[in-house]
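Notes follow once the structure below has been shown.
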Amino acid sequence: MAENFKLTYATMFNPPEELHMRYEEALVKVKAGLGQEYKMLIGGKDHIASATFEDRSPVNSDWLLGVFQKGNEQDALLALRAARRAFPDWSRRKWQERVKLLRKAADTIDARLFEIAAALSLEVGKNRMEALGDVAETADLIRYACSEMERNNGYIVEMGRDPLVGYSSVNFSVLRPYGVWLVISPFNFPAALTGGPVGAALVTGNTVVMKPATDTPWVVRLLAECFRDAGLPDGVINYVTGSGRTLGQALISCNEVDGVTFTGSLDVGTRIYRDFAGCNYLRPIILELGGKNPAVVTRNADLERAAVGIVRSAFGLQGQKCSACSRIYIEEPVYDALVGRIVALTEKLALGDPTERSVYLGPVINQSSYQEYQQFTEELAKAGSILTGGKVLTEGAYGKGFFCTPTIAADVPLHHRLWKHEMFLPISMVTRVKDLAEALRHANDTEYGLTAGFYGSEDEAADFFDQIQVGVSYANRPQGATTGAWPGFQPFGGWKGSGSSGKNAGGHYYLPLYMREQIRSVVK
Ligand code: NAP
Ligand code: MG
């Protein structure tokens, strides 16, 4: 790739030409191979289930991307047992050896960056730069986990020597893996939100079973192949596909799982938390859940910057990011000016086939999201007013996909339920506030606490950071008001209903979540 260019969500707005060329080449190749049947991967072998399901593109439902295995309870058990068998050898290897293999997996992902990104655009409907970002972030998350292992010397720490007379007593604290780790991922970042947790679980010595969302089995299969081809021993990673309600539930309800990372909605996450606790004994479960992310803009803000950041975060990936900006609180004196800019920028966004260079918004993920969009916009039109958007596109090529225009709603009373409900669609709501204190009160008045953005003076930003209840907060950021975190720069995680661990992925405190402490005390 072009020298001196590092792709992150903060740099992707102005990529070198080479990036576009290579993506386009990969897209041609990927499109030529559509419609194949893909197997599960259990114990190093391809594995078929008793039934299959079709994976179609949200861009155009005529595009059959692949046929996938509809795994069931038996398949869940086979995968967990394969991971169990692989655990003793993998966990007892030197951590340096695991780091080496995982760096190789990250390099393999990089080598296939463009092909996986092209598949991702077709499967999720993600625009090309966001698709490239998802895959590049995956490799960086894995590398970050590797460098954390190194920085912490494998989490082996010598403790004090007991002050015993006549003996010498040596104490070590060692962090050790739990065993079989289950990773369940959502549709919207199938690469990063599968590969990131998988990398962390593996480098710390766990073995893994991964289950992607029903909407995105393809990208995760391509990712599983990267781990396999990097030379991980058989059974260290296992990939199973099938519905959350059956296969996912079977995995979660099984005593064979020693720890879980689940990324998805608050509803499903809360249910899983209870079900997972209802088995043999309590085991760790890391939940990364939804968001209802506010932006706050005061009279001292640079309005141009605020408008650009807000529009990017509201409508990137069609608003289907856990970090999407869905609520905008604006101080009265700048309300009209800012809303005018936001609407104007929104109306300039290109909607269409996300593989095309000029397109910013692709389709929403599936029929049920498409229907929800129509219900929510109708509800908002009744409760307030739609300043722009509110329509689905059905003409010509749009007719075969799930295309929803980016929507800004205003004048919706602050007690309306949609101020608190995560819609997960290209819909954002604006309102006036008297001052920063009022904005903060509303911003915090939700069960979520994932990300938040602020535009205003530096003094106000300090107050904002102190009082906002979220895991990731940004001030005066044109690259995105509430979105665009990157491992090592903005570790990502949520407070309150947005996450269970209180520690962010891609940060200092993440890897220890995948290990348990053992004290080793020897008296000589
Ligand atoms: P979802 O419907 O909650 O599904 C997430 C995963 O859970 C999917 O793989 C799903 O499989 C599986 N699942 C569903 N029911 C299950 C069950 N009973 N047992 C085990 N697994 C089950 O979420 P989504 O629609 O894919 O993703 C959007 C949500 O994820 C949003 O709420 C978003 O905010 C959140 N999210 C959070 C973060 C974060 O870092 N905090 C990041 C991205 C997304 P099926 O697809 O087969 O149902
Ligand atoms: Mg879903």
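Small disclaimer: the values here were computed from a predicted structure and weren't measured. Ligands are counted one by one from 1 in listed order, and the atoms in each one are counted from 1 as well.
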What do you reckon, does Leu289 have a nitrogen or oxygen under 3.5 Å from a nitrogen or oxygen of ligand 1?
yes

Record the part of Phe492 in heavy-atom contact with ligand 1 below 4.0 Å; permitted values are side chain, backbone, both and neither.
side chain

Proximity of Ile184 to ligand 1 by residue part, where a heavy atom lies under 4.0 Å
side chain

To which of Leu247, Leu266, Val268 does the heavy atom nearest atom 15 (N) of ligand 1 belong?
Val268

Which of the numbered atoms in ligand 1 are below 4.0 angstrom from a heavy atom of Ala213?
8 (C), 9 (O), 46 (O)

Stepwise, does the side-chain hydrogen bond (donor to acceptor under 3.5 Å, both in side chains) test hold for Tyr23 with Ser121?
CA-CA 11 Å; Tyr23 174 91; Ser121 291; 2.7 Å; yes

Axial cation check for Phe262 ring with Lys211, 6.0 Å and 45° limits:
no

Quick check: Ser185 and ligand 1, any N/O pair under 3.5 Å apart?
yes

Crowding at CZ, Arg245 (>12 non-hydrogen neighbours, <6.0 Å):
no

Can a cation-pi geometry be assigned to Arg283 and Phe276, taking NZ or CZ under 6.0 Å from the six-membered ring centre and within 45° of the ring axis?
yes

Atoms in ligand 1 with a heavy atom of Phe262 nearer than 4.0 Å:
3 (O), 5 (C), 6 (C), 7 (O)

Just which atoms of ligand 1 are under 4.0 Å from any heavy atom in Ser243?
47 (O)

Going by the atom numbers of ligand 1, which of them fall below 4.0 Å from some non-hydrogen atom of Gly290?
32 (O), 34 (O)

Residue part near ligand 1, for Ala505, under 4.0 Å between non-hydrogen atoms
neither

Crowding at CD1, Ile48 (>12 non-hydrogen neighbours, <6.0 Å)
no

Side chain, backbone, both or neither: which part of Pro212 comes within less than 4.0 Å of ligand 1 when only heavy atoms are counted?
backbone

Just wondering, more than 12 heavy atoms not from Tyr155 lying within 6.0 Å of its OH?
yes

Check the orientation of Tyr510 and Tyr514. Use parallel for under 30°, tilted for 30 to 60°, and perpendicular for over 60°.
perpendicular

Note: Asn188, heavy atoms under 4.0 Å from ligand 1, region reported as side chain

Lys211 heavy atoms, cut-off 4.0 Å: which ligand 1 atoms fall inside?
9 (O), 11 (O), 45 (P), 47 (O)

Worked check of side-chain hydrogen bond (donor to acceptor under 3.5 Å, both in side chains) between Thr483 and Ser313:
CA-CA 5 Å; Thr483 53; Ser313 287; 2.6 Å; yes

Hey, is CZ on Arg274 packed in by over 12 heavy atoms from elsewhere, all under 6.0 Å?
no

Polar atom proximity, Lys321 to ligand 1 (N or O, under 3.5 Å):
no

Minimum distance, heavy atoms only, to atom 31 (C) of ligand 1: which one of Glu422, Met210, Gln249, Lys292 is it?
Glu422

Start with the C-alpha gap between Phe68 and Tyr38, add the side-chain angles, then the distance that decides, and say whether ring pair (Phe, Tyr, Trp, His ring centres under 6.0 Å) holds.
CA-CA 5 Å; Phe68 289 84; Tyr38 294 86; 5.0 Å; yes

Within a distance under 4.0 Å of any heavy atom of Leu193, pick out the atoms of ligand 1 and give their elements.
42 (C), 43 (C)

May I ask you to check whether Phe187 has an N/O atom sitting below 3.5 Å from an N/O atom of ligand 1?
yes

Taking non-hydrogen atoms only, is Ile365 closer than 4.0 angstrom to ligand 1 via side chain, backbone, both or neither?
neither

Answer yes when Asp445 and Arg327 have at least one side-chain N-carboxylate O distance shorter than 4.0 Å, and no when they do not.
no

Students often mix this up, so state it plainly: with edges at 30° and 60°, are the rings of Phe424 and Phe187 parallel, tilted or perpendicular?
perpendicular

Heavy-atom pairs closer than 4.0 Å: do any link ligand 1 to the side chain of Thr263, the backbone, both, or neither?
both

Please check if atom CZ in Phe465 has more than 12 non-hydrogen atoms from other residues, nucleotides or ligands closer than 6.0 Å.
yes

Using a strict cut-off of 4.0 Å, indicate which atoms of ligand 1 neighbour a heavy atom of Gly242.
47 (O)

Heavy-atom distance to atom 36 (N) of ligand 1: which of Ser253, Gly291, Gly493, Cys322 wins?
Cys322

